[in-house]
Structure formats: C-alpha cells, structure tokens
Asker: 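So that we are looking at the same thing, I have put the structure below in structure tokens.
The sequence lines fix the lettering, A, B, ..., with proteins before strands; numbering per chain opens at 1. This one's a predicted model, so the numbers in the text were calculated from it and none came from an experiment. Reckoned from all heavy atoms, side chains included, excluding hydrogens, waters and symmetry mates.
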Amino acid sequence: MKSKKRPRENTPAVDTQTETVDREQFLKAFEKPTQIYRYLRTRHQISPIILHRTLSYMKQRRSVSNAKRKSFDVNSILKRVTDQEKQKVSAKAERSKSLNLKIKGYFCENESNDRVDVDVFLIQVCSKRRGGSMTSVTKTLLRTVSVPVNPTKEEHHDPLLISHECFSNSHILPIKPLILCLCVNTSPMNSPMANGQCNGKLSSSDDEQPSRKKRNGQYPADDIEMPVFSTEVVILDRNKKCHVSSGDYEFVLHEQGADFKNASWETVMNGKHVQAFEVFNFHPTLKCSIDWTVNGKADSSTNSGATDATHMQYLSENQLMQLPLNSGTISKEEEQTTPKKRQRVFYQFLYNNSTRHQNEARDDLHCPWCALNCVHLYGLLKHLRLCHARFNFIYVPHPKGVRIDVTINERYDGSYAGNPQNLYSNVDIGYAFKRNGPVRRTPVTQVLVYRPKRPTESFTEFTEPESDIQINRQFMQGHNRLYYHTMTSEVIRPQEIDVDSEEETDPVWLRQKTVNMIDEFTDVNEGEKELMKLWNLHVMKYNFIADCQIPEACYSFVREHGVQMIKKNLSRNFLSHMVNLFDFSLIRPDVVHKTMQMLDEVDDSMHRS
Amino acid sequence: MEFEESKSALLHLTQANGDVEPEMKDEMSFTDNAGKYSIDWKKRVKSEFMRIKHLKKYKKTDELKAAFAANRKIINDQLTNQKEFLDSHPSYTLPPPEILSHIPITKKCDVKSNLMPVQTTLLRVLSSLQSIPTMYCWAGLQQNFMVEDETVLHNIPYMGDDVLDKDVTFIEELLKNYDGKVHGEKHCNVMDNDTFVELVNSLWLNYPDPDVDGEESIEHCNQDVQKSEFPSDAIFEAISAEFPEKGSADVLKEKYKDLIEVKESNLPPECTPNIDGAGAQSVPRDQTMHSFHTLFCRRCFKYDCFLHPYHPTPSMLTRKMPETKQETEPCGPHCYLHMVGIPDDKGDNCGVKKEEKADIRSLTYVKQEKQSEKGDNWLPGEESLFRVVQDMHRTNYCAIAKLIKTKTCVQVYNFALKEAAHIPDITEDKKLTPPRKKAKKKHKLWSMHCRKIQLKKDNNSSKMVHNYQPCDHPGLRCDENCPCIMSQNFCEKFCQCSGDCENRFPGCRCKAQCNTKQCPCFLAVRECDPDLCQMCGADQFTSDKISCKNVSVQRGMKKHLLLAPSDIAGWGIFLKVPAEKNEFISEYCGEIISQDEADRRGKVYDKYMCSFLFNLNNDFVVDATRKGNKIRFANHSVNPNCYAKVMMVNGDHRIGIFAKRPIQAGEELFFDYRYGPTEQLRFVGIERDTEML
C-alpha cells in the first residue's frame, strides 16, 4: 500500500531559472535513496531478514501476545487441544452460513430508467495446488435482480441468498479466492470519464456519509453504448479469509473494460486535489446490505476472535465501505485498525534549507518508503530513523497533526554498520542448515539474552538530529566485533576462538632463549648443560611456584625426561642436580633417593625392552 | 666511511707501484731493501686483512642464509600445522550478505582482442574495508624478563620523514644518552682481537720470514719449511703502519702475546669435565657442584633464570638434613655393617657410631686392605660423585652406595676412611646453624605483628617501594644494616637469615579466600606464599583445590583476552568471559628495566606517543614494548573498569590488573595510567579501598 503523496508547490508562481534547477537537484537527490529503499522493500518482502513485529518499537504489530506465557502450564496443553477440537466442530456449523445480499438501489444521475437489472455473479478462481500457473476461473450467474434507480425511500427487496454450498468446496480443486461480481446493465448513457480512480486503500468509514450523492462531474453525452458497470467484492481471499462482514455497503461502479492503467497515486482529476472519498462523486454507486445468516436467519453474534484460518471472521457493527479492488490483498491489520482520531502526518521534504515538497498522509502511519504499517507514530519515527538512514528525519509537532522534516543525510557513507563477524562471513542466518554436519561458529552475544533498560518512549528524541554519540554508542555489550591474533594481526576464525594464545607459559622463543643462554657458558661442561636445559624447560612448562612443589617437580621430571636422561647418559649429572636442590634446602634426601630409584626403574625398563 | 675509502684507494695506488717494482729489483741498492720490504709487507698486511675480512663476510652471509632458511621452515611448519588444525575443526564460510553499494553499477569494462569478440562485464565496486591499526612486532611472555641497560642505541627511531627534519635536536640528544653509539655501526675496517690474531698468524705462516734473507725466503716460502718461533717484528711493524690507531709495533706484539696465551690456556677448558663422561676427573665437591651452585636460581628454580641476575650460592645451613637415625639393618651382603661386625643395638647416634668405628679401625684394617686389593678401583668420576653425595649423607654409607650404584657399601666405607680428611666435621657444621626455636609460634600475634609493620611502613615519610633482594649476612641478625630492613621489605624465604628472623613475613592463617583486609597477606599487598600460608590452600599443587583467591598472579590464573580494534583508539583488549569485581584479569608483563634505562627509552616512546612503561618500584620499570602479554593493549581511561596493583609475589614485585567493577564478556578493558602502580602500593589498606569506591 502506498501512502498518498500529493505534491504541493509552495511557490508556484515563482518559476525562475534557479528554481527549476533547484527543483531538479532536489528530485535527483531524493530519487536515488527512494529507489534504493524501494528495492530493499521488495527484497525484504521476498526474503525478510527481520520480522518487524519483533522490534521493540513495533510492539503493536505483534499479533500474538506473550502475556499467556506467564500463566502457561503444561497441563493446559491438553485443554487447549480439546478446545480446538470443539471449535472445529462448531466451525463446520458456521460454514453453513449463507450470505444475504440486499441491493437497495442504484445511484446514478445519468440513468434514465427507473429500474436496472443487476447481475450477480460469483467468480471462483481455482488454482492447482502445485504449479500455480494453471488457474481456472468459473463465473456463475447467480441471479439477476431488478433494482430501483436513485430510490428516495427505503424499499423492501427480496434478499438474494447465496447459499453456503457456493463457499464450500464444490470443486475438487481447493477454491482459493471467491469474488462476488455485481454488474449493472444500464440504459444507454454517457460513459463516465475513463480515469477510474481507485485507491486500493480500504478506508475506515466512520466519517463516511452515505448521503453524499451530489454529482459535480460533467459527462459528455455523445456515447450511445450500453455500458455495463460492475464491481467486484472479494468474499474469500486466498487464505480463505472472509473480507465481507455484515453491514451496509456502497460500491463504486466502474464501466467494464475501462482502463485502469492510468491510475496513479499522485494526480487525480488533472492535478486537482481529490479526497479519497470524492471518488463517489464521479461514479455510479450501488447500495446494498450484506448479512450473514445461518440457515436464513440473521447472525451477528459470532465474533469469537478465534484465529482459525477456515473460520470466517466477522466484524459486527462496523459499517464498512467496500471500494473497488484492484489489488486483491488487504492485510489484516488494516482491516482491524480503525483509529478513532484522524492523525495527519505531513512529510516536508527539505532541500537547500527550503521546503520543496510536502506530502500529507492522513490516518496513515505507513512508512512512505517501505509501506510498512507502523501502527503508532512513535514506531513510525523510530522506523524511519533506523531503517532509512540515508535521510534525516526530524519530528515537528503540527497543529493539525505531525510534521516530519525529511532531508538528505549528507553524512551517510554507506559503510557497514552491522556486526563485523557477519562481514567476515563465518556466521550468518541459515547457518544451522550446513549440510556436512555441525560446524563451529563464533560465539556472538545478541541482545536476546540481555535486555538493557530502554528509555521511555518520547518524541523528544526525534526533535533533534541524530548525533554521532547516539549512533556509535554501543548498546549491545558482548562479542560483536571481529577479533585478531595478537602476534600476527590475523583474524581469529571461529575454530580458534577458544584457544588462548597465551595459555602456555613457555613460548617457543623463550625456550630457545634459555637453551641459548645456557649454551653460551664456557665454564659449564656439556653434561651439565644438557641437564640444565632439560630441567629449565621442565620448570618453565609447569611454572612451579613454591618450594613445596619441587619434590613433585623432580618426580615428574624423571617421568617425562628419564628416558632422555638415560639416553644422553646424564644420571650422575642428575644426581648432582638433585644434591644441588638439596643444598638449596629445597628437598630432603629421601626425595633424592626416590627420584634416583625412579630413574633406575626407567633404566631397567629400557634395558628390558 | 669516506675516509676509509680514500685510504683504500691510496693503497691501490701503492699496490700498483709494487707490481712494477719487482722488475727493478736487481738494480735496487741493498739499503733500499728494508724500505722495499716494508712496502711489501704493508701490501701483504692489506691483502691478508682484506681476505680475512671477506671470508668473515661470506661466512656471515652463509650464516644468515641458513638462519633465514631455518626460519622459513619453521614458519612453513606452523602454517601446515595451522591448516591441519583448521581442517580438523570444520567451519563453514558463507558469503556475506550483499550490501547494496551506494555507488550504482553503471560502469562497464571491456576486454578487447583481435581474435575474440569484445567481452563486457559490469564494473562492481568493492565495499570499503577499514584497515586495522598498526602493530609493531613484539614477543609474548607470561613472566617478567629482566634485561640489562643498553649501552648503545639500538636503532635510530623513525617517525616519518618530516618529524626528524623538524626536530634534529631530538636525535642528537638521544645519541648523547648513548655516548653516540648506535648498534650495528659498520666496523668492517676496524680490527678486533680475533681478526688481529688471525691476521698475524696468516702473515706469519703464509709468507716467508722477513728476518731471513730475501732470496732464500722466497724459496722457503714455496717449500713451506719450518717457521720461526714467533712472528717477526716486521709483521707487527707493518700492521702498525697499516693501522696506526692500534698502537706501535711493540704494543701489538704484547697484545698478540697476551691473546695467544689466553687462547692456549683456554684449550683445556676451564670447566670441570663431565661427570658422566669418560674424561671425568676426581675433583673436590665444590668444583663438581660449582656450575650448579652458581647458576641455580633459588627463586625461579631454574638455572640461569631470566629474572634474577644475582643468584646467591646456597648457604648450606638451612638444608633439610636427613634424619639422624642410622640404618640399623645391613643393606645387603656387602654392607659395611657386616664388616664392622658390631651389633647395632646401641648405634642410634651417628656420632657414637663414628667413635666406635674409629676404635675398631685398627682391628679391621687388614680386612680392608684385602677388600681393596680385590679390584676396588675407584674411577675419578666415582670419586667426585662420592664427595658430592657424601656431604648429604655423612656416614650413612648404605645410602651413599645406593646413590653411587657402582660401588658396594663396604667399598664406599673404605673409601670414606681414606677420604676422611676431606670430611668437614658434622658437629662443627651444626654449630654454625643458629639453634632452632620451638616450631610452635604465637599465631594470634601474627596479624598484629604484620599490622604493626605495615603501619610503620605507612607512617614512614619516605614513600619508597624498593626492589627486594635476598639478604645475605651470615652470622648477623637482620637489624638496621640488613638490606631488607633498609629497603622496608620483609625478609623472604630466599634470605639467608634464619627462619625465625623477626623481619620475616609470617604468612596468613586464613581459612577463607584471602580477599579482604582480614588477611595479613592481602593487607600487605602480597600474594599468599605457598610455603607460608597453608590454611588457605595456597600450597595446593593444582589450582582447582585452592580456596585462596590471593594467588592469581603466581599461578597465572588470567582471563582469556581477545584483541580487536579499540572503540577508542588503536588496538584494544576485550574480555572473553565476564569478570566479577576485584577479580584478577591478567598480569602486566614485560621487560624489567632500570629506572635510568626507562628514562632513556621513555624519550623515544614519548616521541612515538605510545608508551608501555609501567613503574614497578623505585628501582625498576616494566616495559612491555618489546616483550609483553596481551594486556599491554589495554587503553587508558579516566573512568576505567580495571585497576593495577603491584603485589609482592614470592619475592618479586609484579603488576596485577584487576576488575574494578563487574565486567561483562566482550567489554573493552581500560585502566588509569595516571596512577602508577607504585602509587597504588603506597595507599595500602583502608585508604586505597575508599579511594576506589
């Protein structure tokens, strides 16, 4: 859904050369970001990266509240399932409801006849389950009704009953959309202007005045054809959701075969400002009331709010205005949100410090770029700031509503603002679906676990431009950066993240250094040197810190280096070393004996093998 | 350099003249001969010197090449290892999500050739990537490393082209600090002692003696006949002429004599022969143990350690002597107890035993002679070994024999009798050791005692923290003259004073975690000593059983740190796992340099605006520029999340970095550089804590 953009020239009279140049520059400047955001919007629709409803500032979009979670009980699952079963049974009963259509009258100034015939068709569009290209459209004439033209008083009409059989699966193929088509066969008349405006917007109708019947259009009277005016009403959409609720409707009729291609958002009636509902003034309309009845009786009680897909939804009491539909899908939110107070949002586009353009969106908190319904103004502003960083948005309170100043963000450099871990491409979405079994990924702290206290929502944050501090502040603590090896400055791969390069107390260079230092002595003989090197490396490896650890150090030394000592013929040097430790009062003589005994055992086992 | 070149050019000229001269030789008068020879010798000196120099140069180049190749190999090995590691731990790389460039893809590029049609593709601009901060090479270590002062400037620092041009005085001042000496200055034409000796030798051996008559000498030269005893004076004269700065011929001659002497005396190595080797000699115990005694560091338990340049020799007084109980049972059929033939009922005291032995010596003398005749040949190595072990076991010959292995008890005993003169009297030895007091100490007074000492320290006007050096003043108590007391340090277990010295730190008796001021160790800014504090578990061998939290530095219980570009400037260090308040993060390691050296180095670092200097105490500074650990990347902040504390850890001052508040995983670490750890150390006790809060 697009928001309405209505250009308003601020200074239309002044059309100097500079003005046009400026205007061109303005358009150019805004064109590119808009294109980019339009592309991103499409991409997001096809393959969404985030779900908007998960964003904290889009709480209102959440369809499922998690309020129940607090009171969740395992035992309640069974109850829920049985309830569901019951509902299914009742849903079957509800399916037998039939649509009661009462056509009250046909309103057209140019109609000369008293009565016109209205053909009521039911269009069923079936598509095969697989390979959606094959669709079959069945158009069945239900009945032709004679309808009074411009009735002045309420007449009683026989209601047209569309039975439930029509809605149920009469075909083998599942019925997808079910459309009611109303065709009015008029007398020969002048064709209305072929710029049939339709606004796909399903507007709420609380301010709609059914008595708006005056015509101000002038129609040339040289067409002598028999035009057929028609409108289509979607009853069931693809998801078997009912879009028509009980109530009074006024349908705008269009001449069949009229060209809709000229439809545009911006210009209506040659640039004249047209309100959304003024369309009723230019086209013939058909008034009718629709009732859902069970076995012919009126039914208005069912508004259970159950979310069963097959369950038809009813909106009681709401008098809805069904406009001709070009695009068939209406999202649920739009259907349900009917703000009581109309809020106007003015988008003021600024360029070179002067307003170039102003758009107004009424009752519409959709993002103009990605058509996302933000539901609330705060959400809209937050969304604009966060998702459309190529622009600056400033919130200005406005007597009639809200003004949002839009300027180009000159400082936007397109640099990557996300998690660098993702840039290095070791973690990403869909990672769990790696085919060759489980793989390692870098631990990344996400906000999901830790939720800092959010500041209370206030509009003041939008009244000032964003500052760098605000942008760069790290809201999320955790490992959201790329780490490097300390020695090589190379990126740490996910496999290596748990390996502390400083775990070892004896780095290679230090081991080499101690060997070199001992080798440098001229007054130490080769046996002593060998033993000292072995011992030093041993001590460095285990980082012995206390005298009381030395006996154990000696035992482990023999265990680990005994074979080497025997091979190098160092047993006497080792004994001297042990006596040396004794001389330094680190060990007792029995330790000397024990270690020597251990060395003997090593020697024996070597001889044996 | 220029001067040297011009000199060699001059030499070439003289050499060219020399080539012409031989033809005119006959015409030359006899008197000219001397002059001619001198020129000749000068020429020879020059060419020989050049030859030696070249040889050395080639040798050095070869060495460098070999070293490079070896390095290359190590690197390649490491790379293959890394690759194997990565392969064994699979990870999957996904292409990064497409980032829409703000530059539209409009440009095309063509490949044109005559044969092929023009190929066209879109020109895509890669997204820009921020470069990582600069990192200078450094070596990693986990414990401090003491280095000596540098006497030469090891390189002239480069700080960009313009900086030095602007600030010429800086380099001049820097050079002044090192007396103008810069490492690696070319001294190719400067002759060192080795080259000098080599030069003289080669001149002497390869050329005819100038003393012998000219004609003959040439023949002799070819036949290579006997040489004179000593290089002739002419050689020295020529060298002196060539290198006037080296002094006169006489001086050179003397020098040569000295050098040769040293060299020749070196030939039989100064060290004692390998006790395990064939050439082992029978030497006194001191000589055998000399290397072990002098090189062993009692504080690091290593030989020739990196941290303590001065290793005191063992005092031998506090040795854990064996139980005086003598073996009463003979150790085997060859036990000396059989031979002595004395029942062991009364022989509990070795002193008594000895007397008895002395009494019966005459009786058994004949027997002994017989035994020794049986082929009781003591090899020199065995003799040395006996002396080594005998000092430990005194008269327990069974034990000695067990250790020597190759000799029986009886043989050892007999040899001991022969060696009797060498044995220092045990009783005498014992008397030197101060009498041990009762082991039981007044535990409750300990903490009082430490507090008193601490208070004394605090009140002292001179807020100095000195490096600890074990005291060694045999026979004297630790009083005002003791270096430990003078530097206001406690005596440690490494001191040579007795174990119950008053200045010794008693350790703690805590049963808790030793992380409050209740613990005397914590109060004194010391880590618990595993040999003193046994209640808190500091003495446990493995770290997992320790309840004491005051042993983190010595046991290296550091946090895993990760390096990434800082949020502030340059590199930063980040915590991988969360840390609690006051938890140990890492030790700040580096080279330990003197304060003077730190001043010299600091001048360069200040210029670079990057300093890793950290005051350790009044004598030393830790410099993490060249060697260090990851914490060196921590940045400064006035509102830091870490603090530094210099602690006395088993006799060494070490810098610990601790968490100032709870820190979450992934947070960057900062500490306040302004408060040097020495300052921290001054505010011990209550003051520091309140300051922190």
Asker: In sequence, state the C-alpha distance, the side-chain angles, and the governing distance for B:Cys137 and A:Met487, and then conclude on side-chain contact (heavy atoms from CB on, under 4.5 Å).
Answerer: CA-CA 7 Å; B:Cys137 198; A:Met487 288 297 162; over 6 Å; no
Asker: So which bits of residues 508-515 of chain A come within less than 4.5 Å of chain B, counting non-hydrogen atoms only?
Answerer: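 If one takes a 4.5 Å heavy-atom cut-off, the residues of residues 508-515 of chain A near chain B are A:Trp509, A:Leu510, A:Lys513, A:Thr514.
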Asker: Under a 4.5 Å heavy-atom cutoff, which of A:Pro33, A:Cys548, A:Pro507, A:Ala553 has the most pairs with chain B?
Answerer: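 Top count of heavy-atom pairs under 4.5 Å with chain B: A:Cys548.
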Asker: Ignoring hydrogens, what is the shortest heavy-atom contact between A:Ser489 and B:Met135? Give both atom names and the distance.
Answerer: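 The answer is OG-CE, 3.2 Å.
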Asker: Under the side-chain contact (heavy atoms from CB on, under 4.5 Å) criterion, do B:Phe494 and A:Phe584 qualify, and how do the steps go?
Answerer: CA-CA 10 Å; B:Phe494 315 116; A:Phe584 277 97; over 6 Å; no
Asker: Can you say whether A:Asp590 sits under 4.5 Å from chain B via the side chain, the backbone, both, or neither, judging by heavy atoms?
Answerer: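 Neither part.
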Asker: May I ask you to name which of B:Ile573, B:Ile132, B:Val551, B:Thr294 has the most heavy-atom pairs under 4.5 Å with chain A?
Answerer: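 Among the listed options, the one with the most contacts to chain A is B:Ile132.
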Asker: Among all residues two or more places apart in sequence or in another chain, which pass the side-chain hydrogen bond (donor to acceptor under 3.5 Å, both in side chains) test with A:Tyr542?
Answerer: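 Here the qualifying residues are A:Glu560.
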Asker: Please classify the contact of A:Asn543 with chain B as side chain, backbone, both or neither, using a heavy-atom distance under 4.5 Å.
Answerer: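 Just its side chain gets close to chain B.
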Asker: Give the member of B:Thr288, B:Leu295, B:Val649, B:Ile74 that has the highest number of heavy-atom pairs under 4.5 Å with chain A.
Answerer: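 If we count pairs closer than 4.5 Å to chain A, B:Leu295 comes out on top.
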Asker: Check whether any side-chain N or O of A:Asn580 sits under 3.5 Å from a backbone N or O of B:Phe292 as a donor-acceptor pair, and report yes or no.
Answerer: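 Side chain of A:Asn580 to backbone of B:Phe292: a pair is present.
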Asker: Contact between A:Gln549 and B:Pro530 at the side-chain level, heavy atoms closer than 4.5 Å - yes or no?
Answerer: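 Side-chain contact under 4.5 Å: no.
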Asker: Measuring centre to centre across the rings, with the benzene-like ring taken for any Trp, is A:Tyr484 within less than 6.0 Å of B:Trp571?
Answerer: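 Here the rings of B:Trp571 and A:Tyr484 have centres that are less than 6.0 Å from each other.
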Asker: Got more than 12 heavy atoms from elsewhere within 6.0 Å of NZ, A:Lys594?
Answerer: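 Open.
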Asker: Do B:Phe301 and A:Ile545 come close enough that some side-chain heavy atom pair is under 4.5 Å?
Answerer: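 SC-SC contact between B:Phe301 and A:Ile545 ruled out.
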Asker: Does A:Asp547 offer a backbone N or O that forms a donor-acceptor pair with the side chain of B:Asp531 under 3.5 Å?
Answerer: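 Confirmed, B:Asp531 side chain pairs with A:Asp547 backbone.
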Asker: To the nearest 0.5 Å, how far apart are CG in A:Asp583 and CZ in B:Arg298?
Answerer: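 A:Asp583 atom CG to B:Arg298 atom CZ measures 12.5 Å (nearest 0.5 Å).
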Asker: Test A:Thr486 against every option in B:Asn629, B:Leu563, B:Leu562, B:Leu561 by the side chain to side chain contact (heavy atoms under 4.5 Å, CB included) rule and name the one that passes.
Answerer: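 Option passing the side chain to side chain contact (heavy atoms under 4.5 Å, CB included) with A:Thr486: B:Leu563.
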Asker: Sort B:Asp304 into side chain, backbone, both or neither according to what part of it lies under 4.5 angstrom from a heavy atom of chain A.
Answerer: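 Backbone plus side chain of B:Asp304, per the 4.5 Å heavy-atom cut-off to chain A.
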Asker: Does B:His290 have more than 12 heavy atoms from other residues, nucleotides or ligands lying within 6.0 Å of its NE2?
Answerer: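 No, because the 6.0 Å sphere around NE2 of B:His290 holds 12 heavy atoms or fewer from other groups.
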Asker: Kindly indicate whether the side chain of B:Ser291, heavy atoms from C-beta on, has any atom under 4.5 Å from the side chain of A:Met532.
Answerer: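 Contact flag for B:Ser291/A:Met532 side chains = yes.
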Asker: Within this structure, what is the NE2-CE distance for the pair A:His577 and B:Met289, rounded to the nearest 0.5 Å?
Answerer: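 If we round to the nearest 0.5 Å, A:His577:NE2 and B:Met289:CE are 9.5 Å apart.
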Asker: If we define contacts as heavy-atom pairs under 4.5 Å, which of A:Val539, A:Asn536, A:Asp506, A:Leu575 has the most with chain B?
Answerer: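 Result: the option with the highest number of such pairs is A:Asn536.
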Asker: Sort out for me which of B:Gly556, B:Pro578, B:Pro565 touches chain A most, counting heavy-atom pairs under 4.5 Å.
Answerer: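 With the most close heavy-atom pairs to chain A, the winner is B:Pro565.
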Asker: Decide yes or no for B:Phe306 and A:Met517: does some side-chain heavy atom of the first lie under 4.5 Å from some side-chain heavy atom of the second?
Answerer: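 Answer yes - side chains close enough.
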Asker: Should A:Glu528 and B:Tyr303 be marked as a side-chain contact (heavy atoms from CB on, under 4.5 Å) after you check the CA-CA gap, both sets of side-chain angles, and the distance that decides it?
Answerer: CA-CA 10 Å; A:Glu528 289 166 342; B:Tyr303 291 97; over 6 Å; no
